[in-house]
Amino acid sequence: MENVVILGSGPAGLSAAIYAARAHLDPIVITGDTQGGQVTITNEIENYPGFPKGVGGLEMYQLFREQAERFGARIVIDHVEAAELRQQPMLLRAREAEYETKSLIIATGSNPRRLGVPGEDEMIGKGVSYCATCDGFFYQDRPVAVVGGGDSALDEGLFLTRFASKVTIIHRRDKLRASKILQNRAFKNPKIEFIWDTVVERVLGEDEVTGLRLKNVKTGEVYDFPVDAVFVFIGHIPNTAIFEGQVELDQQGYIVTDRRMRTNISGVFACGDVQDPVYRQAITAAGTGAIAAMEAEKYLAELEG
Ligand code: NAP
């Protein structure tokens, strides 16, 4: 029987682990399939305090993990597939084992949103990508497209200019959502071009991506645009499917918490991107992870008392 199980190993889960371990709760972290979460597919994190020169996403995960383990957190590589949370102890069914726990911290994060157009799923790994750090290298001196107008699209688009001959950012509006600093960098970069007011209707190609069918949403014009790869950065979908019907979710599927990271079920807390549709930063995820662990500690003390 565990005191606290933490689901997810991104900044939220591992910050919760550091706090829970230091409170002698002997936490166990179940990593999920993407160890380290989304920071590990981020090339460089420049806005996390304490890293004035920036830090690689993978390196950040390793540092967080090392710190959690130093205080005794146990990290298990496994993936929970079902959860019974309306009983005490709660039961988690993972691929490799079952866990009984008095409390639970959900830090399962979110996954990249897909375009949902023909050709996209078939071409994943053949030119459709959601990770510039993973796949950018394969497109040395070749033209690529990026879809999206937020920080991710611009950040990753800028990263892709290290490899690609040209990076065309395709955005559905004529204004970017991204921060001004990234906008300025992108506008100044000679390898970056923009196509405004345009959506992708189809990914073209048989064995590999050869282009995109685009539609200008203002003029209605449809045309084919040749590129060798498309990198999609259009937001995220929270990983909450296994909690449906138990934990309260909002309309977009994010877990509803109060300011103390409590969910509608006593003893179940949520932190990081799985409960945050707005800020979604490593730093805010880490902060909510710390809160969730402190609240779990209080909950367990009351349970014992
Ligand atoms: P985001 O801010 O939600 O932006 C998503 C972008 O994709 C928006 O421009 C949106 O268009 C577009 N989009 C959404 N659905 C679409 C669809 N079906 N078809 C075409 N376009 C679509 O997501 P994000 O860029 O991944 O950023 C997530 C969070 O991480 C943000 O808080 C961001 O600040 C943060 N982040 C920060 C950094 C950094 O500071 N360096 C780097 C990466 C991410 P509209 O604009 O029209 O809605």
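Both ligands and their constituent atoms are indexed starting at 1 by order of listing. Side chains included, hydrogens not; waters and symmetry mates left out as well; all remaining heavy atoms used. Please read all numbers here as calculations on a predicted model, not as lab measurements.
Contact check on Arg213 versus Glu201 returns no salt bridge, with no Lys/Arg side-chain nitrogen under 4.0 Å from an Asp/Glu carboxylate oxygen.
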Quiz item: Are Arg172 and Asp197 close enough, and set up right, to give a salt bridge (Lys or Arg N to Asp or Glu O under 4.0 Å), and what steps lead you there?
Solution: CA-CA 4 Å; Arg172 64 184 178 181; Asp197 299 312; over 6 Å; no

Exercise. Could you please spell out the steps behind the side chain to side chain contact (heavy atoms under 4.5 Å, CB included) verdict for Glu156 and Val146?
Key: CA-CA 8 Å; Glu156 306 292 332; Val146 164; 5.9 Å; no

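Asp151 CB, 3.5 Å is the protein heavy atom nearest to atom 38 (C) of ligand 1. Atom 26 (O) of ligand 1 has Ser152 OG, 2.7 Å as its closest protein atom, hydrogens excluded (heavy atom only). The nearest heavy-atom contact from the protein to atom 7 (O) of ligand 1 is Ile234 CA, 3.2 Å. Among all non-hydrogen protein atoms, the one lying nearest atom 47 (O) of ligand 1 is Arg173 NE, 2.7 Å. Nearest protein heavy-atom contact of atom 41 (N) of ligand 1 is Asp155 OD2, 3.5 Å. For atom 35 (C) of ligand 1, the closest non-hydrogen atom of the protein is Gln281 NE2, 3.0 Å. Among all non-hydrogen protein atoms, the one lying nearest atom 30 (O) of ligand 1 is Arg280 O, 3.5 Å. When only non-hydrogen protein atoms are considered, atom 48 (O) of ligand 1 lies nearest to Arg177 NH2, 2.6 Å.
Considering only heavy atoms from C-beta on, Lys102 comes within 4.5 Å of Glu304 through its side chain. Side-chain contact between Gln275 and Tyr254: absent, with no pair of heavy atoms (C-beta onward) separated by less than 4.5 Å.
Listed by number with element, the atoms of ligand 1 under 4.0 angstrom from any heavy atom of Tyr279 are 32 (O). Near His236, the atoms of ligand 1 lying under 4.0 angstrom from a non-hydrogen atom of the residue are 26 (O). Remark: ligand 1 atoms within the under-4.0 Å shell around heavy atoms of Asn47 are 39 (C), 40 (O).
Residue contacts with ligand 1 do not include Val199, since none of its heavy atoms lies under 4.0 Å from the ligand. Not a single heavy atom of Lys175 lies less than 4.0 angstrom from ligand 1. Within the 4.0 Å heavy-atom shell around ligand 1 one finds Val278. Taking 4.0 Å as the cut-off, His171 counts as a neighbour of ligand 1 on heavy-atom distance.
Between Phe233 and Phe231, the ring planes are parallel. Angles under 30° get that label, and only those over 60° would be called perpendicular.
Any N or O atom pair closer than 3.5 Å counts here, and Arg113 shares no such pair with ligand 1. Annotation: Arg172 places an N or O atom under 3.5 Å from an N or O atom of ligand 1; distance criterion only. Polar contact check, Gly149 against ligand 1: a nitrogen or oxygen pair lies under 3.5 Å apart.
Centroid-to-centroid, the aromatic rings of Phe187 and Phe194 come within less than 6.0 Å.
Atom CZ of Arg22 is surrounded by 12 or fewer heavy atoms from other residues, nucleotides or ligands within 6.0 Å. Crowding of Phe137 atom CZ: a count of heavy atoms from other residues, nucleotides or ligands under 6.0 Å not exceeding 12.
For the residue pair Thr108/Asn239, the side-chain donor-acceptor check at 3.5 Å is not satisfied.
Checking each of Val76, Leu104, Leu91 against Tyr99 for a side-chain contact (heavy atoms from CB on, under 4.5 Å) leaves exactly one that passes, namely Val76.
Contact annotation for Glu46 and ligand 1: no heavy atom of the residue comes within less than 4.0 Å of the ligand.
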